[in-house]
Peer 1: 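Sharing a structure here in C-alpha cells format.
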Amino acid sequence: MTGTDRLFIAISWVIATCCILFLMLPIVITVVTSFTSSAVYTLPPPEWSLRWYRSLAQRAGLWDAVKLSLNLAVISTLISLVLGTLAAIAVTRGSFRGRTAIATFTVSPLMMPGLVVGVALLQFFREIGLRDAYWSLLLGHIVITLPFVMRTLLASMAAFDFSLVDAARTLGLSYPKAILQVLVPNLAPAYLTGGLFAFLASMDNYPISIFLTDARNKTLPIKMLQYLEEQPDPALAAMSSGLILLAIIVLLIGSRTVGLNRMING
Amino acid sequence: MTLRAERIGLLALPGLSFLAIIYALPLFMLLLKSVQIDGQFSLAEYQLFFADEFNRAVLWRTIRVALLTTLLALAIAYPTAIAMARAKGIWLSIFLVAMVLPMSVGVIVKAFAWTIIFRTRGVLNDVLMSFGITDTPVRMLFTETALIIGAANVFLPFMVLPIYAVLRQMDTRLPEAAASLGATPAFRFLNVTLPLSLPGVVAGSAFTFSLAISMYVIPSLIVGERQQTLSMLTARSFLYLRDEALGATISSILLAIAISVVLVSSWLAARLGARQ
C-alpha cells in the first residue's frame, strides 16, 4: 500500500465516523430532551426529571392511538406474510411468463409516493362505498407492509433448495403442510426480517393513514403530529423515546435471532 | 410427485389480485381523473397547473431539494460504505447498528428531533454561539438547507447499504492486481473500484431520490407551510382546499416522476449488469 492509499482510507474512516455520529444525533437528542425538567428544549437540560413521561398518562387519546397502531401493524403484517409467502412461491417456482414483472409489481409500492397512494385509496374507497375507517386503514396498511415482506421473501426463496419440499411430499406430507413444516422454518430469518421491517413501516406510516382516518380512528403518527401542532412540549420527546425503545427492542430480537448482517441483506 | 408448475402460479393470485384492486386500480383511477373533465378527455388541469407561476416554483423546488438531498447523501455515503466494507469485528457491528437503528426509528421521531436541533434557541445555535462562530442566533428552521440536511440524515442508510453491499462482494484482489501492474491510486479508483460499485450507487440514488421527491412529514416539520413541496400541495388540496381536480393532477405528476425514476434506474442497472 502506498502513502496515497493510506491517506485515502484514513479520509474515508474520518467521514464514516462523522456519518455514524450524524446518524445517531437525532436519536440521542430526542432521548436527552425527554428527561428535561424544563418546558422548553434547552440542552443540556437544567435538571433531569421524569415529568414528561408522567404527563403521557394524562394525554387524551394517546393510548387509543397506540392501541390502534399496534393493532394495524400486527394484523397487516400477518396478512402480508401469508399473501407474500404464496406469491413468492409462485414467482420462484412457477413457469409462467411475466414472473419478473410480477415480482417488480409486488415490490413497487416501496418506490411510490405514499401520499399519492393515500389519495388514490381515499377516492377509491369512497367510490365503492367503504366508509369504515378501520377497514380502510387495514387495507391501506397491507399495501404498506406487503412489499417489505415480498422483498425479503423473494430474495431468500431464490436461494432456497425446493427439493426439500418435494422430499417432504414424497414422505407423505400434503403441499400446504410441506410448506409450513419445511419451507417456513428454513426461511425463519427472512420471515423475521421482513416481518419486523413491515411492522415498523406500518407503525410509522403517516402519508397513507392521514387520508383514511376519521375522528375516532387516529393512528399514533397522526396523533403525534397533531400534538406537535397543538402543544409542542417535551412530552413529544418522551413519546418519541418510547418509539426509539420499541425500535431497539425490535433490533435486539433481530440481532439475537438473525444477526444484523443478515437483517440488512435480508 | 410435485405440483405442476402452472398450478403453482395460481398461488400468486390472492396477493396479486389484492394489489391489483387495492393499489393499481385506485392509482389508475386517479390518473384517469386527472385527464378528464365531465367524462371528456382533457389536459386542461395540467395546463392550468403549469400556467401558475407558484406551482412551477413548487415543482422546481421539489426536484431541486430531492436532487441536493440525494447528492449530499451520496457524498457522505460513498466514503462511509468504503470504510464499512473494510470494517471487521466490533467496528462492523457499530456500523451495522448505526445503519439499522435509525432505519427502525420512525421518520416522525427523526424529523421532530431535527426541529429541536435547528430551533433558533436550539442545540445547533447554542453550539455555534459557545464557539463564538456567531453572536446572534441564526435562523435555520424553515430554510431549505435545514430541510436538505434533515432529509439526507433520514435517507442516508438507504444510500449506504446498497453501495456497501456491492463493495463487500468486490474482490479486494482486483485493486491490488491493478496496483501491482503499476496503476496509480486515482487510476485504480476511477477504473476498478468506482465502476464496480456503480450498481450500488444507482440503486441507492434511485431509492433516495424517490423517497425525497415524495417526502411529506420531513418538510412539514422542518420548513412548514412557507415553502411548499408537491406532496404538501397535494395534501393541502385534498385536506383543506377540497380542490380534488388540482390534487389529482399534482398526484399524477408525482406518480409520473416516481415511475420514471424506477424505469430509468432499472434500465441503468440492466446496462451496468450487461457490461460486467
Side-chain angles (χ1 to χ4, degrees), chain A residues 2 4-5 8 11-13 15-16 19-20 22-24 26-27 29-30 33 41 43 83-84 86-87 89-91 93-96 102 106 109 111-116 119-121 123-124 139 143 166 169 175 200 204 206-207 221 224 228 236 240 243-244 247 250-251 260-261 263-265, chain B residues 1-3 5-6 8-9 11-12 14-16 18-19 22-23 25-27 29-30 76 79-80 82-84 94 96-102 104-110 112-114 116-117 119 122-123 126 153 156 161 165 185 210 214 216-217 231 234-235 238 247 251 254-255 258 262:
Chain A
T2 63
T4 331
D5 280 324
F8 183 67
I11 291 173
S12 65
W13 274 97
I15 298 178
C19 176
I20 293 177
F22 180 54
L23 282 168
M24 299 312 279
I27 296 171
I29 294 280
T30 307
T33 44
Y41 299 98
L43 274 180
L83 294 178
L86 297 176
I89 292 175
V91 170
R93 296 294 285 165
S95 62
F96 53 95
I102 290 179
T106 50
M111 303 270 281
M112 290 299 127
L115 207 81
V116 176
V119 167
L121 286 179
Q123 297 198 322
F124 177 70
L139 291 173
V143 177
D166 298 334
R169 279 174 51 75
Y175 195 75
L200 290 170
D204 183 46
Y206 181 85
M224 282 180 69
L228 196 59
L236 266 158
S240 301
L243 288 173
I244 292 172
V250 165
L251 261 187
L260 284 175
N261 222 338
M263 277 185 87
I264 60 163
N265 295 327
Chain B
M1 203 181 85
T2 55
L3 266 192
E6 305 90 80
I8 283 187
L11 292 178
L16 214 54
F18 177 85
L19 281 182
I22 310 289
Y23 163 69
L25 180 62
L27 284 179
M29 284 166 65
L30 186 74
I76 305 172
T80 305
I82 288 183
M84 195 171 165
I94 293 174
L96 290 174
V97 170
M99 297 298 145
V100 186
L101 180 60
S104 315
V105 171
V107 62
I108 294 175
V109 172
K110 281 178 286 184
F112 165 67
W114 281 104
I116 303 179
I117 296 167
R119 229 166 264 264
V123 183
D126 282 351
N153 176 272
L156 201 46
L161 291 177
S210 61
S214 56
Y216 174 72
V217 173
S231 286
T234 312
F238 276 99
S251 304
L254 264 177
L255 201 60
V262 175

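What's counted below: heavy atoms across the whole structure, side chains too, no hydrogens, waters or symmetry copies. Order of the sequence lines fixes the chain letters, A, B, ..., with proteins taken first and strands second; residue numbering starts at 1 for each chain.
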Peer 1: Is it the backbone or the side chain of B:Val217 that comes under 4.5 Å from a heavy atom of chain A, or both, or neither?
Peer 2: side chain
Peer 1: I'd like to know which of A:Ile20, A:Val250, A:Ile102 tops the heavy-atom pair count under 4.5 Å against chain B.
Peer 2: A:Ile20
Peer 1: A:Ile11 versus B:Pro79: any side-chain heavy-atom pair under 4.5 Å?
Peer 2: no
Peer 1: Looking at CE of B:Met84 and OG of A:Ser12, how far apart are the two atoms once the value is rounded to the nearest 0.5 Å?
Peer 2: 13.0 Å
Peer 1: Is there a side-chain contact between A:Trp13 and B:Ile82 in this structure, where contact means two heavy atoms from C-beta onward sitting under 4.5 Å apart?
Peer 2: no
Peer 1: With a 4.5 Å heavy-atom cut-off, do A:Leu115 and B:Ser214 have their side chains touching?
Peer 2: no
Peer 1: How far apart are the closest heavy atoms of A:Leu23 and B:Ala98, and which atoms are they?
Peer 2: CD1-O, 3.4 Å
Peer 1: Report which part of A:Thr33 has an atom under 4.5 Å of a heavy atom belonging to chain B: side chain, backbone, both, or neither.
Peer 2: side chain
Peer 1: A side-chain contact here means heavy atoms from C-beta on lying under 4.5 Å apart; do A:Met24 and B:Leu101 qualify?
Peer 2: yes
Peer 1: Side-chain contact, heavy-atom cut-off 4.5 Å: B:Val105 with A:Leu243?
Peer 2: no
Peer 1: Looking at A:Leu139, A:Val119, A:Ile27, which one has more heavy-atom pairs under 4.5 Å with chain B than the rest?
Peer 2: A:Val119
Peer 1: Determine whether B:Tyr23 and A:Met112 make a side-chain contact, defined as any pair of heavy atoms from C-beta on separated by less than 4.5 Å.
Peer 2: yes
Peer 1: So which part of A:Leu251 gets closer than 4.5 Å to some heavy atom of chain B, the side chain, the backbone, both or neither?
Peer 2: side chain
Peer 1: Heavy-atom cut-off 4.5 Å, strictly under: side chain, backbone, both or neither for A:Leu236 against chain B?
Peer 2: both
Peer 1: With respect to chain A, which residue among B:Ala113, B:Ala258, B:Ser251, B:Gly15 yields the maximal number of heavy-atom pairs within a distance under 4.5 Å?
Peer 2: B:Ser251
Peer 1: Decide yes or no for A:Thr30 and B:Trp114: does some side-chain heavy atom of the first lie under 4.5 Å from some side-chain heavy atom of the second?
Peer 2: no
Peer 1: Checking side-chain contact (heavy atoms from CB on, under 4.5 Å) between B:Pro26 and each of A:Val143, A:Val116, A:Leu121, which is the one that passes?
Peer 2: A:Leu121
Peer 1: Identify which part of A:Phe22 has an atom lying under 4.5 Å from any heavy atom of chain B, answering side chain, backbone, both or neither.
Peer 2: both
Peer 1: So for A:Val91, is it side chain, backbone, both, or neither that comes closer than 4.5 Å to the heavy atoms of chain B?
Peer 2: neither
Peer 1: So for A:Ile89, is it side chain, backbone, both, or neither that comes closer than 4.5 Å to the heavy atoms of chain B?
Peer 2: both
Peer 1: Dump the intermediate steps for side chain to side chain contact (heavy atoms under 4.5 Å, CB included) on A:Ile29 and B:Phe112, then the final yes or no.
Peer 2: CA-CA 10 Å; A:Ile29 294 280; B:Phe112 165 67; over 6 Å; no
Peer 1: Rounded to the nearest 0.5 Å, how far apart are CG of B:Leu25 and CZ of A:Phe124?
Peer 2: 5.0 Å
Peer 1: Taking B:Val107, B:Val109, B:Leu30 one by one, which has the highest count of heavy-atom pairs under 4.5 Å against chain A?
Peer 2: B:Val109
Peer 1: Quick check on B:Ile22 against chain A: is it the side chain, the backbone, both or neither that has a heavy atom closer than 4.5 Å?
Peer 2: both
Peer 1: Rounded to the nearest 0.5 Å, how far apart are CG of B:Leu16 and OG1 of A:Thr106?
Peer 2: 7.5 Å
Peer 1: Once rounded to the nearest 0.5 Å, what's the spacing between atom CD1 of B:Ile116 and atom OG of A:Ser240?
Peer 2: 7.5 Å
Peer 1: Which pair of non-hydrogen atoms, one from B:Leu254 and one from A:Pro113, has the smallest distance, and what is that distance?
Peer 2: O-CG, 4.0 Å
